[in-house]
Amino acid sequence: MRAIAIAAALICWAAVAPAFEVEEERLFPAQGTGATELRILSTTDLVHFVPLIEAFQKENSGVAVHYTVASSTEAFNAVTIDGAHFDLVISSAMDLQMKLANDGFSQGYRSGVTDALPDWAKWRDELFAFTQEPAVVVLSKSALGGLPPPATRQELIEMLRDHPDVFDGKIGTYDLRSSGVGYLFATQDARQSDAFWRLAEVMGTLHPKLYCCSGQMIDDLQAGRIALAYNVMGSYADAQLKDDSDGAVIALTDFTNVLLRSAAIPAQADAPALAGAFLDFLLGPRGRLLMQATGALPPLDAAVLSAQTNQRPIRLDPGLLVYLDSLKRKSFLREWTAALVQN
């Protein structure tokens, strides 16, 4: 009987265990009675969302929050392929979020808070931006020695080309084959300027290190394993390097792509009203103040973006789907691999 019970328990566990790869997971129990549960699937590290979740629960004591972290590709597949039940999907991969919504895997939501978003920061009342995060260059001042930091991509190209002794094996950037946000930044770079491909070719001659995520690049920069990282999430860089006098964060002046981290309520959400309440909290005064205070998730601010002419927000619109076409993606990755992954 005991063996049968164990087998039944294992079958039950397998039925609810996620088919996708989970990086972090935590349940925030409800503080009040008659609890309901909000299930969030996110690409954002748990540490950055803890203050937001705890503040939301203070205003909603009967709500338990189950927060799950996965890569952008895993999160997209969890909803669109696995049919996983989450009430809110938060991701930095804007193109995958757009595809999720465009393909019918999200549902609409409207409130006074979401109606106030600029047109480029939402799509069809199904996809909502709540942060603005520039893609930046991060470098080690000591590793550069007396070299002046580059202000533009052309200056970056020239610096790398002229000083291989400094940068050979010391450059970090995303591995576009596995990183959704890295692929997004690269395709947006390529749309803005031909300098992207010249830069990729120069970096390719210097044996760059390829990464899944910004945090690992910044860690390796601080450990001295690399001297420079390209297209790092500025929000993570500012947070990790705020007390590091050697690390410098540079928003290039020719143009700086600004990622909009976004949220969507899946079509199969079990608690869409709770998801809407959390979304309103993120976009509202309390959520914005908390994000500003932590520094890792800069809240959406259209006035700031319009005042900084080099910063170009990536719009939430169907143009994001262009490079998700299988043939275009295959062609782009083939060119990128030929330029950057040189033996």
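As the structure is a computational prediction, the values presented were derived from the model and not from experiment.
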For [X] and [Y], work out which heavy atoms get closest and say how close.
X      : Y      : answer
Val181 : Ser72  : N-OG, 4.1 Å
Val166 : Ala143 : CG1-O, 3.6 Å
Leu300 : Ala121 : CD2-CB, 3.7 Å
Ala248 : Lys141 : CB-CE, 3.9 Å
Thr43  : Ser71  : CG2-C, 3.9 Å
Asn257 : Gln192 : OD1-NE2, 3.6 Å

Side-chain ([X]) to main-chain ([Y]) donor-acceptor, under 3.5 angstrom:
X      : Y      : result
Asn60  : Gly62  : no
Gln107 : Ile265 : no
Gln57  : Pro29  : yes
Asp82  : Ala84  : no
Lys170 : Gly224 : yes

Is [X] linked to [Y] within one hydrophobic cluster, defined over Ile, Leu, Val, Met, Phe, Trp and Tyr using a side-chain heavy-atom separation of less than 4.5 Å?
X      : Y      : value
Val69  : Val22  : yes
Ile171 : Leu252 : yes
Leu88  : Leu27  : no

Any side-chain donor-acceptor pair under 3.5 Å between [X] and [Y]?
X      : Y      : answer
Gln31  : Ser61  : no
Thr253 : Asn310 : no
Ser42  : Tyr67  : yes
Gln154 : Asp254 : no
Arg261 : Gln132 : no
Ser142 : Ser140 : yes

So, do [X] and [Y] sit near enough that their side-chain heavy atoms are less than 4.5 Å apart?
X      : Y      : answer
Asp246 : Leu221 : no
Asp301 : Arg288 : yes
Leu260 : Ile314 : no
Met291 : Thr131 : yes

For this session: Take Arg312 and Thr256 through the test side-chain hydrogen bond (donor to acceptor under 3.5 Å, both in side chains) and record every step on the way to the result.
Result: CA-CA 6 Å; Arg312 302 180 187 176; Thr256 293; over 6 Å; no
For this session: May I ask you to say whether Arg153 pairs ionically with Asp189, meaning some side-chain N is under 4.0 Å from a carboxylate O?
Result: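 A salt bridge links Arg153 with Asp189.
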For this session: Working to the nearest 0.5 Å, report the span between CD1 of Ile40 and CZ of Phe28.
Result: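 Answer rounded to 0.5 Å: 9.0 Å.
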For this session: Under the side chain to side chain contact (heavy atoms under 4.5 Å, CB included) rule, what do Leu156 and Leu228 come out as? Steps first, then yes or no, please.
Result: CA-CA 10 Å; Leu156 176 58; Leu228 180 147; 3.8 Å; yes
Problem set entry | Within 6.0 Å of CG in Asp165, more than 12 heavy atoms from elsewhere |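 Yes, enclosed.
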Exercise. Less than 6.0 Å separating the ring centroids of Tyr323 and Phe332?
Worked result: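 They qualify: ring centres under 6.0 Å apart.
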Exercise. Given Tyr183 and Ser178, is the side-chain hydrogen bond (donor to acceptor under 3.5 Å, both in side chains) satisfied, shown in steps?
Worked result: CA-CA 8 Å; Tyr183 182 74; Ser178 59; over 6 Å; no
Problem set entry | Over-ring placement of Arg39 relative to Phe86, 6.0 Å and 45° cut-offs |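 Yes - Arg39 lies over the ring of Phe86, closer than 6.0 Å to its centre and within 45° of its axis.
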Exercise. Has Arg286 got its NZ or CZ under 6.0 Å from the middle of the six-membered ring of Phe281, at an angle within 45 degrees of the ring axis?
Worked result: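 No, Arg286 does not sit over the ring of Phe281.
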For this session: For the pair Tyr109 and Asp280, evaluate side-chain hydrogen bond (donor to acceptor under 3.5 Å, both in side chains) and give the outcome as yes or no after the intermediate values.
Result: CA-CA 10 Å; Tyr109 175 76; Asp280 284 347; 2.7 Å; yes
For this session: Please assess Val258 against Glu133 for the test side chain to side chain contact (heavy atoms under 4.5 Å, CB included), listing each intermediate value before the final yes or no.
Result: CA-CA 5 Å; Val258 179; Glu133 305 174 55; 5.6 Å; no
For this session: Kindly determine whether Asn102 and Glu126 satisfy side-chain hydrogen bond (donor to acceptor under 3.5 Å, both in side chains), including the steps that lead there.
Result: CA-CA 9 Å; Asn102 187 69; Glu126 294 184 32; over 6 Å; no
For this session: Take Trp336 and Phe196 through the test side chain to side chain contact (heavy atoms under 4.5 Å, CB included) and record every step on the way to the result.
Result: CA-CA 10 Å; Trp336 173 84; Phe196 169 76; 4.3 Å; yes
For this session: Take the angle between the ring planes of Phe56 and Phe278 and call it parallel below 30°, perpendicular above 60°, tilted in between.
Result: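 The arrangement is perpendicular - the two ring planes meet at more than 60°.
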Exercise. What class does the angle between the rings of His48 and Tyr236 fall in, given that below 30° is parallel, 30 to 60° is tilted and above 60° is perpendicular?
Worked result: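 Tilted: the ring planes of His48 and Tyr236 meet at 30° to 60°.
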Exercise. With sequence neighbours left out, which residue pairs that include part of residues 96-110 fulfil the salt bridge (Lys or Arg N to Asp or Glu O under 4.0 Å) condition?
Worked result: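 Residue pairs passing salt bridge (Lys or Arg N to Asp or Glu O under 4.0 Å), neighbours aside: Lys99-Asp103, Arg110-Asp115, Arg110-Asp125.
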Problem set entry | Worked check of side chain to side chain contact (heavy atoms under 4.5 Å, CB included) between Leu52 and Leu297 | CA-CA 11 Å; Leu52 291 162; Leu297 297 172; 4.1 Å; yes
